[in-house]
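Accompanying notes for the structure given below.
Everything numeric here is computed off the predicted structure, so don't read it as measured data.
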Amino acid sequence: MTGPLVPFREVVLKVHSRCDLACDHCYVYEHADQSWRTRPKASSDDVILRTAQRLAEHAKAHALPSVSVILHGGEPLLAGPARLRQVCEALTSALDGVAELDLRIHTNGLQLSPRYLDLFDEFGVRVGISLDGDKAANDRHRRFADGRSSHPLVLRAVELLRQERYRHLYLGLLCTVDIENDPHAVLDALAELEPPLIDFLLPHATWDDPPPRPEGATTAYADWLLAVFDRWQERGRPVPVRIFSSVLSTLSGGPSLTESLGLAPTDLVVVETDGQLEQVDSLKSAYEGAAATGFDVFTHTLDEVASHPGVRARQLGLAGVGEACRRCPVVRSCGGGLYTHRYRSTGPSGPFDNPSVYCADLMALVRGIEARTAASLVAPEVTGREELPGSQRDLTRMLLARLNADLEGRGGEPWARAWELAAAIEASDVGAGGLDEVLAHPYTRTWLLHALERLQEGDVSVARRLPEYLAVAAVRAGLDLPVDVGHADGRLVLPGMGELRIEGAGERGTAQVRAVEDGFLVRWGGQGSAPAERRVTRPRTAAPGWRPVRRFAMPGGAPGPVFELALDDLDPYRDCFPAPVAAPLGDRAAADLVFRLGEAWVLIEAKAPARAAEMVRSLTTLTPLTGLAPSEPAVGRHGYGALGIAVDGGVEELAFALLRGFRRAELRALADVTDLYAADGSWEHRIPWQEETVPFSRLLAETYERMALGVFEPRCLEGVAQALDTLEGGAELTVSGKRLLDLMRKEV
């Protein structure tokens with residue numbers, strides 16, 4: 001087995017190995033492994049103490065911030081309050097100062113009483129209770145040995161937990177699925193008890209001992225769960241349901257939330273009442289000894305157990321599932337199913353190298369939930385690109401808020417004043433628009449990222465440049481608010497507007513910027529001389545000492561769109577591209593580039609009017625770079641709306657670069673606000689136009705680009721249809737990614 005050792009973060013401690021119920025679906029007593037018959041009824045003092053010591057040394061060795069211990073059985077409450085207190089005390093003492101301890105107990109609830117709950121309250125032990133639904137559903141399997149119903153006693157236990165003084169200990173309800181039960185009645189009965197969580201569990205089964213199902217009903221368990229899902233939706237999702245939350249999470253690119261689904265490696269070990277260290281309990285359904293490792297708490301460390309081949313096999317994620325599962329498009333959501341459910345004693349593959357015995361059910365469940373929720377899960381930016389600029393601006397706002405939080409007062413009085421000023425600008429009737437415009441400037445994002453990185457190194461100086469941006473917001477909004485802005489080397493920079501040369505101001509200092517009619521006024525103190533000032537009345541026009549960021553209107557054909565672009569060769573944070581920035585352009589060079597860009601735009605309008613309309617909504621800034629091929633654009637580490645371009649390209653080359661760059665930037669911006677794919681790099685896909693295998697992200701990016709470029713180079717469309725088919729079959733796609741793929745097909 002390869003890959004790093006995965007430490008255990010969860011221990012199941014069997015404190016009692018017998019039970020006061022005779023459930024006929026219990027994997028401990030009714031399935032293949034009958035080792036419980038030879039084990040002690042309860043854990044000894046030595047087992048409890050040694051388990052606590054082993055867990056503490058493991059947590060310390062791996063610097064684990066927290067560990068969970070689940071008190072289990074059999075029925076753990078049969079151990080009695082005194083023994084359970086001893087367990088809690090031993091674990092709490094051993095983990096004190098080492099890791100946070102999360103104590104839980106899973107019980108049938110029959111013995112639960114205030115005496116137990118007061119003990120659990122003392123040690124923070126949260127309580128999960130097994131309940132299969134209403135009385136009819138619960139009594140189908142969960143009865144006493146003499147056939148009596150357990151349902152009234154379980155309800156009494158749940159009602160105890162729901163009391164205000166114990167409510168914080170209520171962990172949730174575990175329900176084993178039986179397709180003979182009414183799915184709506186089961187959910188209604190469980191939801192009525194207001195659990196913090198409902199966990200639906202498929203009954204443990206293998207290919208040797210498959211689950212009961214009506215003849216021909218290959219998806220009976222999925223159908224039952226989907227009926228529960230529909231009821232859950234209809235009732236407004238009254239309580240969290242782990243299996244549904246897990247599928248919804250993976251469909252959107254998030255992690256699995258349960259061991260029974262998804263590809264997350266297992267991090268659980270079981271301690272039996274005799275101190276034997278075993279794998280997950282469900283393996284007892286496969287065959288006698290399937291969970292055994294041969295290790296115990298007295299002579300072996302938990303690291304030794306974590307290195308056991310059986311444990312390692314369940315930590316391989318995607319590499320641990322069979323080839324059929326690896327090729328399945330829902331494997332990220334189902335994870336190949338629970339490891340135990342893959343067991344087959346005979347066959348061409350290894351005993352666990354098979355799809356789950358619930359394979360068809362898991363496929364139908366994932367597809368069914370996706371079909372029911374896709375419309376609400378798809379990011380609005382995918383279907384409405386006009387949403388992208390706003391969501392990108394929101395991202396920049398979040399970075400600014402994070403910078404303020406991370407400073408934790410280290411910015412001193414200058415930052416505090418600037419932050420108060422930002423709030424004043426935001427609160428004014430017209431200032432919020434000016435601040436939005438500044439936050440939409442692509443290189444504001446670059447500054448914030450740079451400031452956050454420098455802050456990690458203890459440097460707060462970059463963060464203090466906030467007043468430069470606030471001055472621009474105030475000037476654009478026409479707010480009569482004085483803003484103190486730092487200057488250096490005789491240059492005062494106003495991002496997105498330009499730079500002002502201020503003579504006699506010294507190497508470094510502070511100038512005051514204030515909005516005035518038709519422009520702004522700058523005042524600064526000279527060295528050994530009277531204060532000086534300069535008024536800029538037309539900020540878009542060059543004047544002595546003032547160099548504005550050039551702005552120009554792209555020519556629009558009738559009925560083509562007209563829009564304005566900035567040619568920003570001044571911003572100090574424009575150096576965020578993979579190619580070097582060019583020096584500020586002279587007037588003649590700038591005029592020549594603007595002319596060629598205008599001609600390129602006319603060409604784009606003529607050949608790709610739909611693309612032109614998209615660019616009008618979002619493209620705001622072009623920055624000249626060096627070292628680029630004329631038709632090759634650059635997309636850097638900045639906010640949405642900027643492209644880096646070569647200064648010497650011809651008209652067609654510039655048109656090609658603008659289209660390619662915008663398409664590239666658009667996909668990157670989408671990826672900023674939603675997960676289009678997940679587990680990138682876990683699979684390799686053939687790229688038709690180069691006959692090589694690449695990760696999903698690269699295949700998607702190149703396909704997305706080439707589709708737009710086909711208007712100039714028809715050969716760019718060669719292989720696009722095959723690429724779209726490959727992307728559609730990829731397990732990496734999220735719901736948003738699938739919707740994007742639908743739109744791409746419509747483009748073709």
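Residues Ser618 and Pro389 share a closest heavy-atom pair of OG-CG, 3.7 Å. Scanning all heavy atoms of the two residues, the minimum distance from His72 to His106 falls at CD2-CB, 3.9 Å. Considering all non-hydrogen atoms of both residues, Arg445 and Gly639 come closest at CB-N, 3.4 Å. Considering all non-hydrogen atoms of both residues, Val720 and Cys716 come closest at CG2-O, 3.6 Å. For the pair Gln392 and Ala669, the tightest heavy-atom approach, listed with the atom from each and the gap, is NE2-O, 3.2 Å. Here the closest non-hydrogen pair linking Val321 and Gly336 is CG1-CA, 4.4 Å.
In this model, no donor atom of one side chain and acceptor atom of the other lie less than 3.5 Å apart for Arg142 and Asn108. A donor-acceptor contact closer than 3.5 angstrom links the side chains of Ser345 and Asp208.
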Please evaluate residues Glu614 and Phe662 with respect to the criterion side-chain contact (heavy atoms from CB on, under 4.5 Å), reporting the C-alpha separation (whole Å), side-chain torsions for both, the decisive distance (0.1 Å), and the verdict.
CA-CA 9 Å; Glu614 289 177 0; Phe662 180 77; 3.9 Å; yes

Does Phe696 form a side-chain contact (heavy atoms from CB on, under 4.5 Å) with Leu733? I'd like the steps, not just the answer.
CA-CA 9 Å; Phe696 187 92; Leu733 274 177; 3.5 Å; yes

Dump the intermediate steps for side chain to side chain donor-acceptor pair (under 3.5 Å) on Thr734 and Asp675, then the final yes or no.
CA-CA 7 Å; Thr734 64; Asp675 288 317; over 6 Å; no

Salt bridge (charged side-chain N to carboxylate O under 4.0 Å, His left out) between Arg385 and Glu666: does it pass, once the steps are laid out?
CA-CA 9 Å; Arg385 301 298 164 74; Glu666 186 176 57; 3.3 Å; yes

Begin with the C-alpha distance, continue with both residues' side-chain angles, and end with the deciding distance and a verdict on side-chain contact (heavy atoms from CB on, under 4.5 Å) for Leu676 and Glu732.
CA-CA 8 Å; Leu676 300 171; Glu732 298 95 328; over 6 Å; no

With side-chain contact (heavy atoms from CB on, under 4.5 Å) as the test, would you mind laying out the steps for Val331 and Trp683 before giving the verdict?
CA-CA 12 Å; Val331 69; Trp683 294 265; 3.5 Å; yes

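A donor-acceptor pair is defined here as one N or O able to donate and one able to accept, closer than 3.5 Å; such a pair exists between the side chain of Arg332 and the backbone of Thr250. Arg54 places a side-chain N or O within 3.5 Å of a backbone atom of Val297 that can act as its donor or acceptor partner. Judged purely by atom type and a 3.5 angstrom limit, His308 uses its side chain to pair as donor or acceptor with the backbone of Gly310. Within the 3.5 Å criterion, the main-chain N or O of Leu670 finds no donor-acceptor partner in the side chain of Thr674. A donor-acceptor pair under 3.5 Å is formed between the side chain of Arg372 and the backbone N or O of Gly368. Trp207 places a side-chain N or O within 3.5 Å of a backbone atom of Pro355 that can act as its donor or acceptor partner. With Asn138 contributing its side chain and Asp132 its backbone, the two residues share a donor-acceptor pair below 3.5 Å. No side-chain donor-acceptor contact under 3.5 Å links Asp134 to the backbone of Ala185. Between the side chain of Glu304 and the backbone N or O of Thr301, at least one donor-acceptor pair lies under 3.5 Å. Distance alone, capped at 3.5 Å, is enough to place a donor-acceptor pair between the His58 side chain and the Phe8 backbone.
Within the model, atoms CG of Leu197 and CG of Leu173 stand 8.5 Å from one another, a figure rounded to the nearest 0.5 Å. Taken from CH2 in Trp689 to CD in Glu718, the straight-line distance is 11.0 Å, to the nearest 0.5 Å. To the nearest 0.5 angstrom, Leu268 atom CG is 8.5 Å from Asp281 atom CG. In this structure, CG on Leu399 lies 6.0 Å from CG on Leu452, to the nearest 0.5 angstrom. The distance from the CG atom of Leu101 to the CG atom of Leu103 is 4.0 Å, given to the nearest 0.5 Å. Note that the OG1 atom of Thr693 and the CD atom of Glu684 stand 4.5 Å from one another [nearest 0.5 Å].
Around atom CD of Glu100, no more than 12 heavy atoms belonging to other residues, nucleotides or ligands sit under 6.0 Å away. Around atom CD of Glu192, no more than 12 heavy atoms belonging to other residues, nucleotides or ligands sit under 6.0 Å away.
Side-chain contact check for Leu740 versus Leu667: some heavy-atom pair is nearer than 4.5 Å. Side-chain atoms of Arg327 and Glu323, non-hydrogen and from C-beta on, do get closer than 4.5 Å to each other. Under the 4.5 Å side-chain criterion, counting only non-hydrogen atoms from C-beta, Leu226 is in contact with Leu365. Using a 4.5 Å heavy-atom cutoff, the side chains of Leu225 and Leu202 are in contact. A 4.5 Å side-chain heavy-atom check between Ser307 and Leu5 finds at least one atom pair inside the cut-off. Within the 4.5 Å cutoff, the side chain of Arg9 has no heavy atoms near those of the Asp102 side chain. Using a 4.5 Å heavy-atom threshold, the side chains of Leu187 and Ile198 count as touching. Put simply, the side chain of Ser130 reaches to within 4.5 Å of the side chain of Leu174, judged on heavy atoms.
Between Phe200 and Trp224, the ring-plane angle classifies as perpendicular under the 30° and 60° cut-offs. Ring orientation note: the planes of Tyr287 and Phe352 are tilted relative to one another, at an angle of 30° to 60°.
Phe229 has its ring centre less than 6.0 Å from the ring centre of Trp232.
A salt bridge links Glu692 to Arg698: at least one charged side-chain nitrogen sits closer than 4.0 Å to a carboxylate oxygen. The pair Arg663-Glu705 does not meet the salt-bridge criterion, since no charged nitrogen lies less than 4.0 angstrom from a carboxylate oxygen.
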